[in-house]
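Below is one structure, written out as structure tokens; the observations come after it.
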Amino acid sequence: VGYVKYQEVLRSRVNTPLDAPRVVEEGATGATRSPDRFWGTYRSNVYFGMKTRSPRSLVTGMMWMVQYSRAVPRIVRPEVRHTCEQGDGLPRYGWLQHDGVNFGMQEIIDKNFSMVTEFVKRPGGDHGGDWTWRITASPRKSKSISIPTVSFLFYAATDGQGTIQPVLENNRLVAITGQTEELGKFRMSFPKVSRKNITYHHLVSYSPRLDLLKSSVEHGMRRLLFNKTRIQYGLAGDLIKRSNMPDLKANVLVHQVTLEVPCVLEVVFESESFTSRNTRLVGMELTRELEKYKVAFDEKFENTFGLNRRGYTEKNLRFAKAAVSNMVGGIGYFRGKSLVQSPYNEEPVEYWEAPLYTAVPSRSFFPRGFLWDEGFHQLLISKWDTAISKEILSHWLDLMNMEGWIPREQILGSEARSKVPAEFVVQKNQNANPPTLFLPIQSLMKDLASNRSEEDILLLKRMFPRLKTWYNWFNTSQLGNEPSSYRWRGRDPGANKNQQLNPLTLTSGLDDYPRASHPSDSERHIDLRCWMALASGVMADIAKVIGEPGEEYEATHKLLTDNALLEKLHWSPEKQLFSDYGKHTKGVVLEREKVPLPPPPKPGMRRQPVPKGKMYRVLKGEQPTDKFVNSFGYVSLFPFLLQIVDPKSPKLGKILTDLKNPQLLWTKYGLRSLAKTDPLYMKYNTEHDPPYWRGQIWINMNFLAVRALHHYSNIKGPYQSQAADTYKELRRNLIHNLYVEYERSGFIWENYSDVNGHGKGCHPFTGWSSLIVLIMAEKY
Ligand code: 6A9
């Protein structure tokens, strides 16, 4: 019985929350205590929509479709746009201004028309106040296409809490009224547009889950004959009344308005508890409010980043504003349970239900939270709005379990879950991800040094027990065999053992960046060791500021920044670079397995296709032995990137010289991830996995490089001027390329080609690629 109990305890550790006060207090983000940030564009994954920071929020949003589309036979229903999808092929979309609190302006360019979607909030009452949307659509100037007729579909849906009702007038849905626990009573109205040739439809329906909203709408769409010759698609009205389940409560209400562009539409949300309203937030009043916020945004932008002062052009500024706005406008509020697993659980188990206020790497491809991305995001967001940033950091720390682990990828709620293939959903509690949250905390600490408030100290005190546990988790679970060495867990490729050219290290964040060819316990990873140097330093600083004992952090920091010890463990004397160490050989290649040819065809029969063998990794050269891996790229730069290399060390000179070598990492567009000379440079990892961190230019690492160059150019030493020159050039190249690519392609991208600078991977990617703005502003 004792043993069974013990197993039980071990099994439950993975999904038991840490026993420490939450940094985000109960109710702190709700309508009462945080009315200004209650409503927001927290649905990162949709082109346009809003929800509240509630456990089961009312969700509101917009879909659209072009009627009479000639691109497809008229019989086929036109595509409905809703969630941001790369497959939609929009030439450009994204927030151009967004303050994270009150207002945002987004531009969406579809194939044959474009629109601006704006929202403004107005505080008042006890439930987060009012807001209004304005959609301004126009034909695309450059194209000689016929004037499009567009259906705009505005909806409200509940997520298992609260009720909504249609308000009909002459069979037009003029408003949706409703009530939820946190919103109280409200009314969302669709003011009439005075226009000829306008049609209205609506839908009253039920959707079992939020990720099925669009299919519910499509399901409710009917083909209508219009004007004798043209076919229009319109919503079918009250599906619930007509169904055989009249007791079912409608939870999706949609207002469809169809008209030719150009047009202007408004949607008005009013909270019943807001009784002191003199004017409605519509028409001229709305225009005035929008103007006010636009001016305020521009002023704040200039005060924060000073790009105008620095002489950037109007177009450069537009680009920088779009980068910041899309990162801030992409901030989401998620809630749900991760699926997690420990070695003690045979099957994955559910984490506890938790909220997460977080930025996202990409609104289209990865509209959810990623742990190490978030540290980078907060470097930018903390400059724009410290309060938002602190709250986001706090939410992340609250996701820690009793072991001190935070799951890397946060797939919370049905909308998020629907985007991820099953094999990627489960998070394992032995796996880390770089503790980058220490980066923004470090930057907050710096700001604190000049301007320390009681409130900030209190926040640090609340965070401290969690940071301490998190730090300890890394410092025990990710240790290497050699003292003061570290090793990423989770490299074992399992069943795919002989398929990957180099087993992935997803945990490091650098996925397919080459590591030791044969994962083993003797491995030591230089990047992780450097992350721990950063973490221990920041821990020591915090301890000092809040009066906690910090000798242990201090000592670890000293050990991990000791250059002699660092070199002993990680400097490859042979190749003169910092490197990982482990069981390794260069002698591996992917080869196609030979399969027997099919027998020759019988007379009169067709020849059978020649089967293609699978690709396998085969050992061609030397056997793997313990040695330095000797790849030159982002990983070898870590002691420099995190500013651990002594400014006087000749190793710094060597790194700076290598940085500028175009045969290695240097390009006109930024630093590539892996040297051109590396055997794995731009190599596929399996037959189907293209290179990712094997040559492409990534902006998070380039940001760290620019920041480090800036640092070394400000410290007296033999390499000071070399650092300063390289700083200028790298900074200029990055800014130039991201800007030019934005103009050319319409987007900011996940990474960039080292051959021609073109955006690669997914788009829009306004996670860490938006750090370009800090580089422009020289705010490190
Ligand atoms: C798998 C596919 C729709 C990969 O930016 C987020 C992360 C980074 O943390 C990491 O460093 N990206 C980088 O190497 C994207 C990871 C996406 C994994 C999703 C499921 C779903 O396709």
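In listed order, ligands and their atoms are each counted from 1. Just so you know, residue 1 is the first one in the sequence shown, and it goes up from there.
Annotation: Phe703 is not in aromatic contact with Trp698 [ring centroid separation under 6.0 Å not met]. Here His711 and Phe640 keep their ring centres 6.0 angstrom or further from each other. Note: Tyr581 and Phe628 meet the aromatic proximity criterion, with ring centroids under 6.0 Å apart.
Near Trp372, the atoms of ligand 1 lying under 4.0 angstrom from a non-hydrogen atom of the residue are 8 (C), 9 (O), 10 (C), 11 (O). Against a heavy-atom cut-off of under 4.0 Å, Gly509 is close to the following atoms of ligand 1: 10 (C), 11 (O), 13 (C), 14 (O). Applying the 4.0 Å criterion to heavy atoms of Asp373 picks out, from ligand 1, the atoms 5 (O), 6 (C), 8 (C), 9 (O). Heavy-atom proximity to Arg368, at under 4.0 Å, picks out these atoms of ligand 1: 19 (C). Of all atoms in ligand 1, numbered sequentially from 1 with element shown, those under 4.0 Å from a heavy atom of Lys419 are 3 (C), 21 (C).
Under the 6.0 Å distance and 45° angle rule, Arg53 counts as a cation-pi partner of Tyr357. No cation-pi contact links Arg707 to Tyr780, judged by a cut-off of 6.0 Å to the six-membered ring centre and 45° from its axis. Figure legend: cation-pi geometry between Arg92 and Tyr742, with NZ or CZ positioned under 6.0 Å from the six-membered ring centre and within 45° of its axis.
When heavy-atom distances to ligand 1 are checked against a 4.0 Å cut-off, Ser362 has no atom that comes that close, whether in backbone or side chain.
Of the options Phe424, Trp768, Tyr513, Trp698, the smallest heavy-atom separation from atom 20 (C) of ligand 1 is shown by Phe424.
Taking a 6.0 Å sphere around NE2 of His758, one finds it holds more than 12 heavy atoms contributed by other residues, nucleotides or ligands.
Using the six-membered ring where Trp is involved, Tyr47 and Tyr93 have ring planes that are perpendicular, over 60° apart on the 30 and 60° scheme.
Of all protein heavy atoms, the one closest to atom 2 (C) of ligand 1 is Pro421 CD, 4.0 Å. Residue, atom and distance of the protein heavy atom nearest to atom 17 (C) of ligand 1 are Phe366 CE2, 3.1 Å. Counting only heavy atoms of the protein, atom 12 (N) of ligand 1 lies nearest to Tyr692 OH, 3.7 Å.
Residue contacts with ligand 1 do not include Gly767, since none of its heavy atoms lies under 4.0 Å from the ligand.
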